[in-house]
Number of protein chains: 2
Amino acid sequence: MASIKDVAARAGVSVATVSRVLNSHPSVSPEARARVLAAVDALGYRPNAVARSLRTDQTRTLGLVISDVLNPYFTELARSVEEEARALGYSVIIGNADERPELQDHHVRTLLDRRIDGLLVSPTDGGSPLMLDAARAGTPMVFVDRWIPGVDVPVVRADGRAAIRDLVAHLYGLGHRRLAIIAGPAATTTGSERVEAFRDALREHRLALPEAYIGHGDFQADSGRRSTEAFLALPEPPEVVFAADNLMALGALDAIRAHGLRVPHDIALAAFDDIPWFVHTDPPITAIAQPTGELGRAAVRALVDRIEGRPPQSVTLPARLVVRSSCGEHAPTRRSNP
Amino acid sequence: MASIKDVAARAGVSVATVSRVLNSHPSVSPEARARVLAAVDALGYRPNAVARSLRTDQTRTLGLVISDVLNPYFTELARSVEEEARALGYSVIIGNADERPELQDHHVRTLLDRRIDGLLVSPTDGGSPLMLDAARAGTPMVFVDRWIPGVDVPVVRADGRAAIRDLVAHLYGLGHRRLAIIAGPAATTTGSERVEAFRDALREHRLALPEAYIGHGDFQADSGRRSTEAFLALPEPPEVVFAADNLMALGALDAIRAHGLRVPHDIALAAFDDIPWFVHTDPPITAIAQPTGELGRAAVRALVDRIEGRPPQSVTLPARLVVRSSCGEHAPTRRSNP
DNA sequence: ATCCTCCGTGTAATCGATTCCAGGGGCTCG
DNA sequence: CGAGCCCCTGGAATCGATTACACGGAGGAT
């Protein structure tokens, strides 16, 4: 592959001049510029990003460590992140943690080794030493969706409290009284927060959230299945299952179906995170939708601000309830979209 | 961030020795090794992958350019690719083309600029000059899922012909005679191939595939919607719609629903590419499943073989029909899985 | 005419690693 | 006792860029 030296030789100039042309430095004569450009063209020369990064100490690359690529929510997040980053002149390297802290660390480590300019993380756990060290060492970093408390890192996320209150009100209005939740890992903010919000909302209706009605999931389909089975085995099973993410809702649906029960006739189901398929499941699933694309874009903007020396800002956007039919039909406060 | 020089200084050795320790070169005294390791530890030193790559001319990184991250099929592919690559000591950088050739080129270009060791591509089109040049220039490359004819690049893919024949037989057995297909872009192999296989299978039953029954989609949900609307507007609409990928099936479902029709009562639906959600749609969708994980792994193995100087092999794995209820009930040849 | 300025250019240092080569020192063997 | 070898080590070149610095020449000001 042709290097800058080859271009210089062919154009009859020094490598410095070639570099100047490539970086559109002003003091280059038009003739030299033309000759360099011609040589670049003739050789099909492309600057070596590796060498450039070594010299300039910047890679114009962002790392994105997401909790699970198979989750459509994160996939959509990744897409909007890449889009915004590209618009700002950055590339994105995605690391998939599969909800496993050690895999998350693996990706953070290799991303750091590659000297990415900044890191976007949706932490799978309460924060490994590695990640904490990186944050303290001054690696530009922004948390998306989930975050780690007590670390001085901007957070871009959706606030689901209001939507969860709306959901509980909706369920209450439908006559449901025994509401269960399949939570995410307590180590994640979204795991604990959604339970808290749910509990608080129940309290407003003078409803309790017994321990048996809290499923301890891990944001994966299988845990949704297991939790739901545990609920169904209870002497008094819940009337509603609220899954804290879409994959666990899928698992719950599997389990309900395996028991020969029907939604919402026998048991109601709702989920956090809305995805296109929820419109077409049997029945369409009532869900809480996050402004995913906007979150991704805001996260990138915050990170790039931080990288380029501007003060980054935390952002919290509201989530909203999308009512469908998985919790019962009469649907008085219909805010759904098609 | 600490560099190899800092480590050398602290350990009281030269950078050469540090490098030797790091690369477990045999000729280093135990004492020197211990001192270096201690210094590495004390400084939290991590080798700069950028510098290393510049020197060794290898990045131990694979590029993966997929057609669409929002498509669960590709997301699963990406996951298995990353997994296998990690097992072999490589990282993966994913580029999402969003089914847009110019975006695909953008990613191929930046990946090449970063001097990735090899490229895994699922081409969005018939092959841009850039990609063709890269292949000719000897960039290690492997096509996954889709490929470009006439280029000497190994292909790892699923063969859907047999499964499509099974599907058509299934449909025919159910009494359907007017079968339509929503195809992908003709420029993609999977786009044209699936239509061909479908047409051939129809012929075996002495059925024709009129032009009006071929929807020209682009593998995105919206095109599935539009094609289906066109079908429904026909004086004699088809009895079955077969979508060449899962996103277009989703769009078809939207359109059918918008017309107030029901599947499979009013019109049957089947799709290429099976995804977990198809079990839970209303009704569960009959689909052709690819061995996605195996494809991803095989593709990585082929690429790494190529990179490391072993002869790479093309791989073709069979897809299989998964019968559910979206084409009608009586289901005689039930091969479904739960 | 002389001096200063500015423009265009090239030389060379530099980024952080890897690796070739040479050399010092200890050991074996004749 | 000396030659030769191996082991360990450090010096220095190198990868492909960017960029500080120096320098020559042209043009303007006095």
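Here is how names work: the chains are called A, B, and so on, in the same order as the sequence lines, proteins then strands, and each is numbered from 1.
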Exercise. Between A/V50 and B/R20, name the one whose nearest nucleotide on DNA chain D is closer to the 5' end.
Key: B/R20
Quiz prompt | First of B/H25 and A/A2 reached from the 5' end of DNA chain D, by closest nucleotide | solution = B/H25
So which nucleotide from [options] ends up closest to the side chain of [X]?
X	options	answer
A/V15	D/dG10, C/dA12, D/dC15	C/dA12
B/V28	D/dT18, D/dC15, D/dT9	D/dT9
A/S27	D/dG10, C/dG8, C/dA17	C/dG8
A/T56	D/dT18, D/dA17, C/dT9	D/dT18
A/S29	C/dG8, D/dA12, C/dA17	C/dG8
A/R55	C/dT14, C/dT11, C/dA17	C/dT14
B/I4	C/dA17, D/dC15, D/dT19	C/dA17
A/L54	D/dT19, C/dA17, D/dG16	D/dG16

Quiz item: How would you label the contact of A/A49 with the nucleic acid (heavy atoms, under 4.0 Å): base, sugar-phosphate, or nothing?
Solution: nothing
Quiz item: Contact class for A/D57 vs. all strands (heavy atom < 4.0 Å): base, sugar-phosphate, or nothing?
Solution: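 Result for A/D57 = nothing.
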Exercise. Verify the contact: side-chain N or O of A/N23 to OP1 or OP2 of D/dT18, cut-off strictly under 4.0 Å; return yes or no.
Key: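 Answer yes for this pair, as a side-chain N or O of A/N23 is under 4.0 Å from OP1 or OP2.
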Under 4.0 Å between a Lys/Arg side-chain N and an Asp/Glu carboxylate O for [X] and [Y]?
X	Y	value
B/R109	B/E102	no
B/E83	A/R100	no
B/R297	B/E294	yes

Self-check item: A/T75-B/T75 side chain donor-acceptor pair, cut-off 3.5 Å
Solution: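 A donor-acceptor contact under 3.5 Å links the two side chains.
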Quiz prompt | A/Y73 and its side-chain hydrogen bond (donor to acceptor under 3.5 Å, both in side chains) partner, picked from A/D245, A/D68, A/D145 | solution =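 For A/Y73, the side-chain hydrogen bond (donor to acceptor under 3.5 Å, both in side chains) test succeeds with only one of A/D245, A/D68, A/D145, which is A/D145.
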Quiz item: Looking only at N and O atoms, is any donor in the side chain of A/R52 or the base of D/dT18 less than 3.5 Å from an acceptor on the other one?
Solution: no
